[in-house]
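All remarks here apply to the structure that follows.
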There are 2 protein chains.
Amino acid sequence: MVTTSTATALIGDPYVADCPTRRILDRIGDRWTVLIIGVLGGGDARFSQLLRRIEGISQKMLTQTLRGLERDGLITRTVYPEVPVRVVYSLTTAGRTLLGPLQALQEWSIEHLGDVVASQSAYDKND
Amino acid sequence: MVTTSTATALIGDPYVADCPTRRILDRIGDRWTVLIIGVLGGGDARFSQLLRRIEGISQKMLTQTLRGLERDGLITRTVYPEVPVRVVYSLTTAGRTLLGPLQALQEWSIEHLGDVVASQSAYDKND
DNA sequence: CGGGATCCTTAGGGATACTG
DNA sequence: CAGTATCCCTAAGGATCCCG
């Protein structure tokens with residue numbers, strides 16, 4: 001905020017640049033990330049299970065997103081050296097704390113999707 | 001859910017396909033969308049103000065995102081036909097209801113960014 | 001089974017110039 | 001001031017093949 005800003009304590013201020021929210025959003029803003037966390041919130045899952053449950057995700061994106069989440073400490077990756085190998089992904093304690101905020105978002109979505117869609121229709125007809 | 005799924009009531013199940021959450025996420029998952037809503041949560045703003053406050057956004061993306069939000073009924077666009085013209089964006093009532101969930105996410109970010117960064121460092125050094 | 005490596009496409013988004 | 005219209009380019013992501 002070098003620019004001449006009003007004295008108003010904007011909620012927007014912390015959003016600029018590389019504030020925490022922004023860095024986290026770059027991660028969880030990713031559609032796949034949220035979906036994966038959502039699924040794992042319902043219980044541990046194997047790679048192939050995630051691949052099947054999350055409709056539309058490619059194997060590449062699944063791998064990539066899982067790596068990112070593991071790197072962030074939000075999920076763990078456990079390899080069972082059987083034949084064939086079995087790999088199980090689980091939420092960490094930190095990862096589980098994300099479920100709350102995400103559920104809030106989910107509830108908002110369910111509650112407002114109708115209005116949003118209606119608004120879109122109206123917008124598209126006019127203007 | 002045509003696929004043979006287990007009876008488990010997974011939180012993940014509603015995430016697949018084009019469930020409400022997914023459609024909303026495609027919108028608010030967008031980094032700029034969240035930032036704009038955040039700024040407008042602090043008060044109405046003009047186009048140029050948003051452009052300055054949201055560091056890194058291009059004019060094209062700002063316009064585009066604002067149009068989408070207006071179409072979704074989350075913000076309003078008011079034109080004051082002065083010279084030069086003045087355009088003010090505000091959150092609608094619906095848009096304001098999004099602030100809660102987003103703030104929850106913001107708080108999570110602030111609370112956990114340290115851990116996430118630490119986890120990333122550890123992950124990068126080893127493995 | 002759970003990926004890694006490669007190739008290849010396309011669309012998201014920046015930069016620039018112009019307008020009411 | 002608040003956009004719209006074009007061009008252009010890069011990097012995200014899909015498809016495919018292969019391996020431990």
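What's counted below: heavy atoms across the whole structure, side chains too, no hydrogens, waters or symmetry copies. So that the names make sense, note that chain A is the first sequence line, chain B the second, and so on, each numbered from 1. Everything numeric here is computed off the predicted structure, so don't read it as measured data.
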Whole-Å distance between [N] [atom2] and [X] [atom1]?
{"X": "B:Leu51", "N": "D:dA2", "atom1": "CG", "atom2": "C1'", "answer": "10 Å"}
{"X": "B:Arg52", "N": "D:dA2", "atom1": "CZ", "atom2": "C1'", "answer": "12 Å"}
{"X": "B:Arg46", "N": "D:dA2", "atom1": "CZ", "atom2": "P", "answer": "4 Å"}
{"X": "A:Asp44", "N": "C:dG2", "atom1": "CG", "atom2": "P", "answer": "14 Å"}

Got a sec, which pairs hit salt bridge (charged side-chain N to carboxylate O under 4.0 Å, His left out) with one end in residues 84-99 of chain A, sequence neighbours left out? A:Glu82-A:Arg86
Any salt bridge (charged side-chain N to carboxylate O under 4.0 Å, His left out) pairs touching residues 101-121 of chain A, not counting sequence neighbours? none
Using C1' atoms of five pairs at each end, report the bend of the helix from C:dC1-D:dG20 to C:dG20-D:dC1 rounded to 10 degrees. 50°
Hydrophobic clusters join Ile, Leu, Val, Met, Phe, Trp and Tyr when side-chain heavy atoms are under 4.5 Å apart, directly or via other members; which others share one with A:Val83? none
A:Val88: which other cluster members, linking ILVMFWY side chains closer than 4.5 Å, directly or transitively? A:Tyr80
B:Gln120: what forms a side chain to side chain donor-acceptor pair (under 3.5 Å) with it, not counting sequence neighbours? A:Asp72
Only counting residues at least two apart or in another chain, list the ones meeting side chain to side chain donor-acceptor pair (under 3.5 Å) with A:Thr33. A:Asp30
Tell me, which pairs form a ring pair (Phe, Tyr, Trp, His ring centres under 6.0 Å) where one or both residues lie in residues 85-108 of chain A, sequence neighbours left out? A:Trp108-A:His112
Can you check each nucleotide of nucleotides 3-20 of chain D against protein heavy atoms at under 4.0 Å and return B for base, S for sugar-phosphate only, - for none, in 5' to 3' order? BB--------BBB-----
Correct closest heavy-atom pair for A:Gly73 and B:Ser119 would be N-OG, 3.0 Å
